[in-house]
Enquirer: 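Attaching a single structure in structure tokens format; questions to follow.
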4 protein chains.
Amino acid sequence: MSVPHFEPVRLVSKWTLPSDPMTDQSRPGRKRSEQSRLAILAATLDLVAEAGYGTLTVEGIAARSGVGKQTIYRWWPSKADVLLDALATKADLFVPIPDEGTFRADLAGFLGSTFELGEKAQVADTLRALMAQAQIDPDFGKRFREDFLNRRREALGTIVERARERDELPAEVSSRTVIDVVFGTLWYRLLATREPIGRDLAGELVALLADHGASTAEIR
Amino acid sequence: MSVPHFEPVRLVSKWTLPSDPMTDQSRPGRKRSEQSRLAILAATLDLVAEAGYGTLTVEGIAARSGVGKQTIYRWWPSKADVLLDALATKADLFVPIPDEGTFRADLAGFLGSTFELGEKAQVADTLRALMAQAQIDPDFGKRFREDFLNRRREALGTIVERARERDELPAEVSSRTVIDVVFGTLWYRLLATREPIGRDLAGELVALLADHGASTAEIR
Amino acid sequence: MSVPHFEPVRLVSKWTLPSDPMTDQSRPGRKRSEQSRLAILAATLDLVAEAGYGTLTVEGIAARSGVGKQTIYRWWPSKADVLLDALATKADLFVPIPDEGTFRADLAGFLGSTFELGEKAQVADTLRALMAQAQIDPDFGKRFREDFLNRRREALGTIVERARERDELPAEVSSRTVIDVVFGTLWYRLLATREPIGRDLAGELVALLADHGASTAEIR
Amino acid sequence: MSVPHFEPVRLVSKWTLPSDPMTDQSRPGRKRSEQSRLAILAATLDLVAEAGYGTLTVEGIAARSGVGKQTIYRWWPSKADVLLDALATKADLFVPIPDEGTFRADLAGFLGSTFELGEKAQVADTLRALMAQAQIDPDFGKRFREDFLNRRREALGTIVERARERDELPAEVSSRTVIDVVFGTLWYRLLATREPIGRDLAGELVALLADHGASTAEIR
DNA sequence: TGATAAACGAGACGGTACGTCTGGTCTTCAC
DNA sequence: GTGAAGACCAGACGTACCGTCTCGTTTATCA
């Protein structure tokens, strides 16, 4: 069994890339204020925690952070992007990709670190709001899928592909569907039942997805 | 093998119950206008179909349906409730509960009729918007869960319980989780990947959830 | 010097004439409810006294008097007419026309009974509101002038004409202008300066209008 | 006989004082738009001229002037204040204070320039509406009295005080009452009889108020 | 060291929709 | 047929935010 290997998936804000005026020193003019940027992100998380995403406004963020509205509009295309950026900056969205040698262990590890995130109420509330906004605002939806959802899919995809090579998965179920089942169940609990995502769910999902192949293998 | 039995799950609008002034003949005063009610629901679906939920406004609904704004506010607490009502009234949200004798067949039937709904782009768009709004507006969220989501869960629950009695389900996985996995996968495809929910998904879910028991049965 | 003679000017509500369904017994159907009528008028005066004419609404009158809105609209063309009716019914708007033999005494008597009215704050507030509404609503303005203002003018006109015959008025000033000066000063104090109309004003007006002729007469 | 001296009474809008953001250059932020301000005032006068004060709405002013409603609410407390401002800005409300040496001539001059205003139907209609609104809205009433009515009183007061020093006024009548009689008669004709205020009224008022002292002077 | 350039806090701008309120009408049941 | 009840269409109210647009100021680069 190999030593656990972690390849964290970094969620880098699209709006804080190296080509930004903030870090690009070559141009004339005042540089982007890192202080304002952090104040905006902090104010955003505060406001969502206090009153929910439904009452979050750009004006409110500007007022709370002591910043002009234009400074927000200059750097983010919508308040949902600010929130996604705040989440990526403040919360720890690193997701380790374990490599324990068995699908059972890898999935349990992946789900475990995911649960830790979901158990933080503020993170869970924010994720709900972002998924909601992604439905209502198509442009943000595209960015949310590409910058967040797909990165998580790729992380789990790595695990699933390893299991597929080890023949640990039922042949009738495509890798894509395995991923959909895992994330689908997680998101459904987050969005629909709003019940805490406990450790036992990990066991059940493992039993459903991993034990299948194991049992038929044992028959042979 | 028993004759297929269907127990449709009716989605009755909370706002159109028999105790409404609309149908209650005993009170004095003008009765609720059924004509206005239908015009509002039709206009709502039209507007969502034309420009999406993001641009749906109460003012727009009132203007399109030739109704005063107050008439909308009088009967529905939010525009999302109007839309949910419109969906329940106009679209066919009846969901049969098949009873074919095997989980495999029942689940396939349930998923099949669910797919039919999801394949209608207008219905899918509306469901996305409602689930989104349920995250943003907590009050509507509660109503959406109770009036819509939980009713669907109960329908599938009936099927799952029958399968449980026939010992067709893996013992390690609770009935609740089975339901979560099914709906979770459906909603995840609707909200996150936005890929059409094809018939093959039914087969995969059946394989995952139902074949498990089958394989152990074969061992015997 | 003749015995004082009083010809009171009656302000009869246009909306309570003998041909009304209220008093007309010959027509079929339920008779007009005197109870409702009085409740409406009382509620109107109460509401104006409590919160002023600016916040007076037909809905408020209906609610306070326990009457349907339609009952108000059926009998009065506007809320200002209700208020005028209420004033005429509840307050004592009788104005005696004294005939003491001199303009000085007649005018003093006329102004005295007018002052008594104006000193009642509720009556003064109502008169202000009615004059205001008469400016904004042309239809009511016409009725207000005919039913109220002109009747008062005719009363004073009688006094002035008697004085004119006795040669007690300055020849350069028409009777019409005398009337305008008297009522103008009263209304201006009511509307513009809002200062109480004291007894001394009577003396000043008498000096201005009556002593003129007297002084020149005495020279001769 | 002194050379005529004119001290015009300026009606400066309370809402356009030098400390306004419009003219105050020191504060940060965008300056008040003079273009919008003028468009609002022009639209207001237009709308009152077209359909009367009764149908004047803030929405209408905003639509006609191509301005956001908030811009109106930001600078004026009510639509009546907008109208008063419009009248002060667009119409010529300057009132000269003549100093001809005799009360007779000064009053005639003052009334003459006042008549000119009252003869313009649009100005007369607006004044009626403002006086009406002053009765209905106590807050505006206070402003109307202080910003408009009292300034006119002070102008006439200057004339009256000069006449008083020259002993041209009847001793029994206070200066305040003289002013009340003049403005009262003017306003009464405007509000109650709605008859045009002709030149002959000036003669009659002069005869009433000024000739009195003259006649007694002749006795001496 | 001064010119140029960009970002900043501030806040006014034209808009849009909100949810409420009132007007005046219409419909229903009870008397 | 009146009267209370109350739903109806209509439309203005005053507020809240939107996203944009000046402002005067601050902070940088470059000549």
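We name chains A, B, ... by the order of the sequence lines, and we start the count at 1 in each one. What you see below is based on every heavy atom in this structure, not just the backbone, and it leaves out hydrogens, waters and symmetry mates.
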Enquirer: Between D:Ser36 and B:Gln70, name the one whose nearest nucleotide on DNA chain E is closer to the 5' end.
Expert: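 Final value for this comparison: D:Ser36.
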Enquirer: What nucleotide, of F:dC8, E:dG23, F:dG14, holds the atom closest to the side chain of D:Val58?
Expert: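 So the side chain of D:Val58 is nearest to F:dG14.
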Enquirer: Looking at the side chain of C:Thr57, which of E:dG23, F:dA5, F:dT25 is the nearest nucleotide?
Expert: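 The answer is E:dG23, which lies nearest to the side chain.
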Enquirer: Respond yes when some side-chain nitrogen or oxygen of D:Trp75 is under 4.0 Å from OP1 or OP2 of E:dC13, and no when none is.
Expert: yes
Enquirer: With DNA chain F as reference, determine whether B:Gly68 or D:Gly29 sits nearer its 5' end, using the nearest nucleotide of each.
Expert: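 It is B:Gly68, whose closest nucleotide lies nearer the 5' terminus.
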Enquirer: Ignoring backbone atoms, test whether D:Thr71 places a side-chain nitrogen or oxygen under 4.0 Å from the OP1 or OP2 oxygen of E:dG14.
Expert: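 Yes.
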Enquirer: Among E:dA7, F:dT29, F:dA4, find the nucleotide with the atom closest to the side chain of C:Val67.
Expert: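 The nucleotide sitting nearest to the side chain is F:dA4.
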Enquirer: To the nearest Å, give me how far apart CG (A:Leu56) and C1' (F:dC18) are.
Expert: 13 Å
Enquirer: Is any side-chain N of the basic residue among A:Glu50 and A:Arg64 closer than 4.0 Å to the acidic one's carboxylate O?
Expert: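 Salt bridge between A:Glu50 and A:Arg64, a charged N being under 4.0 Å from a carboxylate O: yes.
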Enquirer: Can you tell me the distance, in whole Å, between the CG atom of A:Leu38 and the P atom of E:dC8?
Expert: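 The distance from CG of A:Leu38 to P of E:dC8 comes to 12 Å, rounded to the nearest Å.
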Enquirer: Can you measure D:Arg37 atom CZ to E:dC13 atom C1' for me and round it to whole angstrom units?
Expert: 16 Å
Enquirer: Over how many whole Å does the gap from A:Arg30 atom CZ to F:dT27 atom P extend?
Expert: 6 Å
Enquirer: Any donor and acceptor pair, going by atom type alone, linking the side chain of D:Thr44 with main-chain N or O of D:Ile40 inside 3.5 Å?
Expert: yes
Enquirer: Determine, stepwise, if the pair C:Tyr53 / C:Gln133 fulfils side chain to side chain donor-acceptor pair (under 3.5 Å).
Expert: CA-CA 10 Å; C:Tyr53 182 77; C:Gln133 191 59 30; 3.0 Å; yes
Enquirer: Assign D:Gly66 to base, sugar-phosphate, or nothing according to its heavy-atom contacts below 4.0 angstrom with the strands shown.
Expert: sugar-phosphate
Enquirer: Is the backbone of B:Ala62 close enough, under 3.5 Å, to the side chain of B:Lys69 for a donor and an acceptor to pair up by distance?
Expert: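 The answer is no, because no donor-acceptor pair under 3.5 Å joins these two groups.
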Enquirer: State whether A:Trp76 places a side-chain N or O below 4.0 Å from either non-bridging phosphate oxygen (OP1 or OP2) of F:dG19.
Expert: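 Indeed not, no polar side-chain atom of A:Trp76 lies that close.
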Enquirer: Report the distance from atom CD of A:Glu59 to atom P of F:dT15, rounded to the nearest whole Å.
Expert: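 Going from CD in A:Glu59 over to P in F:dT15 covers 15 Å.
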Enquirer: Once you round it to whole Å, what is the distance between P of E:dT22 and NZ of B:Lys69?
Expert: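 From B:Lys69 NZ to E:dT22 P: 15 Å.
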Enquirer: Given atom CZ of D:Arg74 and atom P of E:dG15, what is their separation to the nearest angstrom?
Expert: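 After rounding, the gap between these two atoms is 14 Å.
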Enquirer: In whole angstroms, how far is the P atom of E:dA7 from the CD atom of A:Glu34?
Expert: 15 Å
Enquirer: Of the candidate nucleotides E:dC26, E:dA12, E:dG24, which contains the atom at the shortest distance from the side chain of C:Tyr73?
Expert: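 The answer is E:dG24, which lies nearest to the side chain.
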Enquirer: Does C:Arg37 make a cation-pi contact with C:Trp75 (under 6.0 Å, within 45 degrees of the axis)?
Expert: no
Enquirer: Toward the 5' end of DNA chain F, which comes first, C:Ser65 or D:Gly60, by nearest nucleotide?
Expert: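 Looking at the nearest nucleotide for each, C:Ser65 comes out on the 5' side.
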Enquirer: Side chain of D:Pro28, heavy atoms from C-beta onward: which of E:dG9, F:dA7, F:dC18 has the nearest atom to it?
Expert: E:dG9
